[in-house]
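Taking it in order: structure first as structure tokens, then the write-up.
For ligands, and for the atoms within them, numbers begin at 1 and follow the listed sequence. The first residue of the sequence shown is numbered 1, and numbering continues consecutively from there.
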Amino acid sequence: MDIVVIGLGYVGLIDAVILAGYHQVAGYDNNRDKIQSLQKGEPVLNEPGLSTLMAKNAGHLFFSFNPSDCIPGKAVALIAVDTPESQNGSADLTHFYDSLDNIAKYGDRDMTVIIRSTVPVGTNRLAQQYLNNHGHCHFTVISHPEFLSQGQAVSGIQKPYRLVFGIPEGASKNVINKLYAFYRGKKIPFIYTRPESAELIKYASNNFLALKISYINEIARLAEKIGADVTEVAAAMGLDPRIGPSFLNAGLGYGGSCFPKDTKALNWLADKKHAPSETLKATIKVNQEQPLLFAEKIATHFGGTLSGKKIAILGLAFKGETTDVRNSQAYPLIERLLELKAEVVAYDRSAIGQFRKKAPQNSRLAYSDELFAAMKGADAVVIANDARELRNLKAADFVAAMEKPVVFDGRNIYKLKDMISIEYNSIGR
Ligand code: UGA
């Protein structure tokens, strides 16, 4: 099939590269620098497996920043543009409607438009009306939410837990069956729903995972007060298949481009529709408090003020093995530590450049791109994400780098028994 993918961010680029293994794919994005890199075969994202697959499928991939090069002649378009959080918490659909305008303008044959972007419930039907009102041919719009997780996106798409399609009444499943013929025989559930359900499945899934994180963070708060260990609690809870072990790691809370935005967007929708949404609100509140409580814990350790104390923050990206700093919990943590008068040195293996752009301007905030240099002379080291190089640190490394090693592990990445030789604090244990 001849396909166009519109928006080559995380989801769009990975979709394009995977689909090029089976179809002819044109990728459009309005970011010229990105397109020029992609045209040179540079994968632009640091995602395991992506560059190998991109090289392998290069013969079926074409990239352009000109929609007129990509859209005409295509029977299938995937929209994967970003839908960032707007000021009132709802999703900003500017880029989404720009894509519809391009499809309406350049689409020259009947087309199936597959929406991968996370959009408010009801948008798929509106998009179908919009395209059929503005375009020259017939458009069928299918909601097909993505469930990719950074760091495992390529493997995740090769073997998804499920594929969800929200299709309008009377629409054929033929295009989907052809597009995804390569999944046949792999026992992957294809779930067909009405468009509204598909849209809600995406939000409800992300909100449920965020709820699990906030839930275990609340249990961690209680565990600390009563002398329990939240990692023991979570491990035993997770053995019950009705609960499951994942997303029960207590820590500084969730960040990233998805959970913070999607929790707020669903809450906004629930409020708008007058559907009571107490767990959604509590999920967000607990997550906002989590880094602030951790900063207070550090301050309490030093007698209430951090004046004159050097605190090294290790791991600025929202999770390990990415350079993505969007809504990283390191931001509110550092802001609070600065308010408490700390001298902060921030370290990340590869995300410092991105992090700085949105970090507070403060003479007490410095950066180090060398792990041991960041720790040297620090009164306390704070682990802010679960990057592999941080997980690999041993108590002896802290002893070697610091005069009096004090560690605050905001991701519970070390075993208590491995840290008994130093002053080690974590979350909920
Ligand atoms: C998330 C979902 O996991 C994907 O299924 C979804 O498709 C994606 O959002 C999206 O909507 O596009 P992602 O944002 O890549 O994927 O990251 P996660 O691995 O889910 O982690 C999110 C945050 O939660 C991170 O800050 C992580 O440190 C934190 N987290 C995760 C915890 O604090 N505890 C946990 O147990 C798990």
### Note, K261 side chain near R326 side chain (heavy atom, < 4.5 Å)
no

### Task
Inspect the surroundings of CZ in R349 and state if more than 12 heavy atoms from other residues, nucleotides or ligands are less than 6.0 Å away.
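Open.
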
What protein heavy atom sits nearest [atom], and how far away is it?
| atom | answer |
| --- | --- |
| atom 32 (C) of ligand 1 | I213 CD1, 3.6 Å |
| atom 5 (O) of ligand 1 | F147 O, 3.3 Å |
| atom 37 (C) of ligand 1 | F247 CD2, 3.4 Å |
| atom 13 (P) of ligand 1 | K319 NZ, 3.9 Å |

Using a 4.0 Å cut-off to any heavy atom of [X], which atoms of ligand 1 qualify?
| X | answer |
| --- | --- |
| R411 | 28 (O), 33 (O) |
| L248 | 36 (O) |
| Q150 | 15 (O) |
| G255 | 22 (C), 23 (C), 25 (C), 26 (O) |
| E146 | 7 (O), 10 (C), 11 (O), 12 (O) |
| L148 | 4 (C), 6 (C), 7 (O), 8 (C), 10 (C), 12 (O), 16 (O) |

#### Entry: Heavy-atom gap K202 to ligand 1 smaller than 4.0 Å
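Heavy atoms of K202 do come under 4.0 Å of ligand 1.
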
### Message
Below 30° counts as parallel, above 60° as perpendicular, anything between as tilted: where do the rings of Y180 and Y183 land?
### Response
tilted

### Query
Do the rings of F165 and F190 sit parallel, tilted or perpendicular, given the 30° and 60° boundaries?
tilted

N/O of [X] under 3.5 Å from N/O of ligand 1, yes or no?
| X | answer |
| --- | --- |
| Y254 | no |
| F259 | no |
| C258 | no |
| N249 | yes |

### Task
Answer yes when K202 and E146 have at least one side-chain N-carboxylate O distance shorter than 4.0 Å, and no when they do not.
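Yes, this pair counts.
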
#### Entry: Pair Y130 and Y97, ring centroids less than 6.0 Å apart
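Distance test on ring centres: under 6.0 Å, yes.
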
### Query
When you measure from the centre of the six-membered ring of F408, is the NZ or CZ of K297 under 6.0 Å away and within 45° of the axis?
no

### Message
Determine whether Y254 and N327 satisfy the following criterion, side chain to side chain donor-acceptor pair (under 3.5 Å), listing intermediate values before the conclusion.
### Response
CA-CA 8 Å; Y254 58 80; N327 287 304; over 6 Å; no

### Query
Just by distance, with hydrogens left out, do S155 and K159 show a side-chain donor and acceptor under 3.5 Å apart?
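Side-chain D/A pair, S155 to K159: absent.
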
### Message
Nearest 0.5 Å, please: how far is CZ in R194 from CG in N124?
### Response
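It comes to 14.0 Å.
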
